[in-house]
Amino acid sequence: MTTAGRLEPVLSVRGAKKHYGEVRALDGVDLDIGEGEFLTLLGPSGSGKTTLLMAIAGFTSLDAGAFRLRGEDITDLPPDRRSFGMVFQGYALFPNMTVAGNISFPLKLRKWSKAEIDARVRECLELVQMESYADRMPNQLSGGQQQRVALARALSFKPSILLLDEPLSALDKKLRADLQWELKDLHRQLAVTFIYVTHDQDEALSMSDRIVILDHGQIQQIGLPDQLYNQPDTRFVADFLGKSNFLEAKVCERLGGALDCESGGERFNVTGESSSYNGADRVLLALRPERIRIGAQGTERFHGVVRQTSYLGERCHLILDHPGFGGVLVSAPTWRMTVRPEVGGEVSFGWDDDACVVLAEDQ
Amino acid sequence: MMRQKTTFQLLMQTGAWVVLAFLLLPMLVVLPVSLTPNEYISLPSDGFSLKHYQNYFTDPEWLSATWTSIVIALSVAVIATVLGTAFSVGCWLLSDFWSTVARWVLIVPILVPPVVQALGFYRFWVKLGLIDSMTGVILAHTLLALPYVSIAVFAALANLDRRIVQAARSLGASVWRTVIAVIVPAARPGMIAGAVFAFIVSFDEIVGVLFITVRSVQTLPKMIWQGINESIDPTIAAVATVLTVVTILIMVAVTWRWKARP
């Protein structure tokens, strides 16, 4: 679906630039968003993700660059003529209108007939499971219910794209998880393009078809969730999406598809997409904590002393001290742990050759 | 033991009542004066009389001055509310540096001494040919009432989520449509409070009226002022009592309506 989407972009961003004084909120962004795609803009605060969304919506004008909607230039079109639905973190329901009034607002503007509006409002309320709330006022609803109404309102006029600006951030953890499933389900049912802004990596990983990682107004990496997680290009991406250990290594030798690396006084092989490196190159390696195995002394290649442990139920996090690597973060599934790590005790640890990822220099 | 009041509490409470009495007694003294049977301002010595009320409600001069004041105050309430709301909504939408400056400039008239303002009105109104005309008074009072309306409307908009405007725009509403359908309804409580303020500001304004009117525009405060200056007619006390009672009734009605709301 994603590859098909890429062939026919519904929205194209070209050379988008926006500077606020010295701050580069957007610094040359190029992006194609496929028809029916669930695309997430992910980044820390100040990365430019919200600026990009607001520029797509038409609320922020670009210093340079262009937007094209199915080939048509919409760069200078005011927000009310773009017909993108929008959902906000703070719900932004009209406080003076009922739930039904909120949902019918865009339809009345479009001069739908009364019968059409009534049918569509009912349909939209059903879509978000709020059928019995049509006559309530927004302040009589809980946060989750308000966001459902906001969603119904944004979808009521059948927009070509739905823009979502951290819509779940104001909700508590459990509700957020429930709504993640619902949003995903809605997206699948409606086949509307979703552009979703968040700073929450779990949200991004669990819902998106593709994720765009932004920092300093630039795209750091675009890809499928598992691609970004398993093959981060840069230290920033590896660090931002999940947790990572970083090892500075020297390539000693090239062994076919693998690199024989030396780091912290240890030698190990690194396989994977590392074809451009040769002997004597310095590389930065990212190593996910959950790829590290631990065992009783002598069962693995390296040895370390347990500095700290943190029990999390399904997983256990350990920080190991290794004379060469320094502190190494390990995330081990508790049900498979063969040793009971004690602070100050020695354990051995190791990883598979394909666990390390060679990173490019940060931009 | 717990019930016993400390000296400090006793002092504070006595002080509070004394201050309250000091504030209210001068107002309450008009009530007995208005009921005096005498032809001059005095406390009733032998019996009460309603003849000064009768005089107020039958004398064409007093009635005409009352109507003039009501018409002026209503006009001012309408015009100042419309203009002040437009100004505040505009500033709220822009909310940049210059709109903040504009807000402060509009509030300045509150800080200027009324006599200075009145002098200003006088100089300009002479040039504009507005001296001694209803239009002139309405215009001057509107300028005086605008700060109150804009402050009230701003207070009402302060809690409105700015994203609501973006939501309306994204749903297809033009700026104009957004203002009408979303912002003005949110500003309504401020507009009502502003209109009441504007009415009051205009209704009891005297300094400006003394400067810019001669004979053809006679407002109620001006008539009271002249009444005290020229004669010692207790009708003034009757007028004052009527105004006080009407004000209290309105206050009670408004408070009751607010309480009755869900």
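Per chain, numbering begins at 1; letters A, B, ... match sequence-line order.
The distance from atom CG of A/Asp165 to atom CD of B/Gln166, rounded to the nearest 0.5 Å, is 8.5 Å. Here A/Phe88 contributes atom CZ and B/Asp161 contributes atom CG; the two are 8.5 Å apart, rounded to the nearest 0.5 Å. The structure places OG of B/Ser170 at 9.0 Å from CG of A/Leu162, a figure rounded to the nearest 0.5 Å.
Here the shortest heavy-atom pairing between A/Leu93 and B/Ile164 reads O-CD1, 3.4 Å. Between A/Ala92 and B/Ala167, the shortest heavy-atom distance links the atoms O-CB, 3.8 Å.
For B/Phe197, the CZ atom counts as loosely surrounded, since its 6.0 Å shell holds 12 or fewer non-hydrogen atoms of other residues, nucleotides or ligands. Heavy-atom neighbours of B/Arg162 CZ from other residues, nucleotides or ligands within 6.0 Å: above the threshold of 12. Annotation for A/Gln189: atom CD counts as buried by contact number, over 12 foreign heavy atoms lying within 6.0 Å.
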Decide yes or no on side-chain contact (heavy atoms from CB on, under 4.5 Å) for B/Leu171 and A/Phe84, but give the supporting numbers first. CA-CA 7 Å; B/Leu171 294 169; A/Phe84 298 159; over 6 Å; no

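Checked for salt-bridge contact, B/Arg177 and A/Asp80 miss the test: no charged N lies under 4.0 Å from a carboxylate O.
Looking only at heavy-atom pairs under 4.5 Å with chain B, the residue among A/Phe157, A/Phe105, A/Phe59 that has the most is A/Phe59.
Neither the backbone nor the side chain of A/Leu107 comes within less than 4.5 Å of any heavy atom in chain B. Heavy atoms of A/Arg110 lying under 4.5 Å from chain B belong exclusively to its side chain. Of the two parts of B/Ala173, the backbone and the side chain both hold a non-hydrogen atom closer than 4.5 Å to a non-hydrogen atom of chain A.
Side-chain contact between A/Pro78 and B/Val175 is absent, with no heavy atoms from C-beta onward closer than 4.5 Å.
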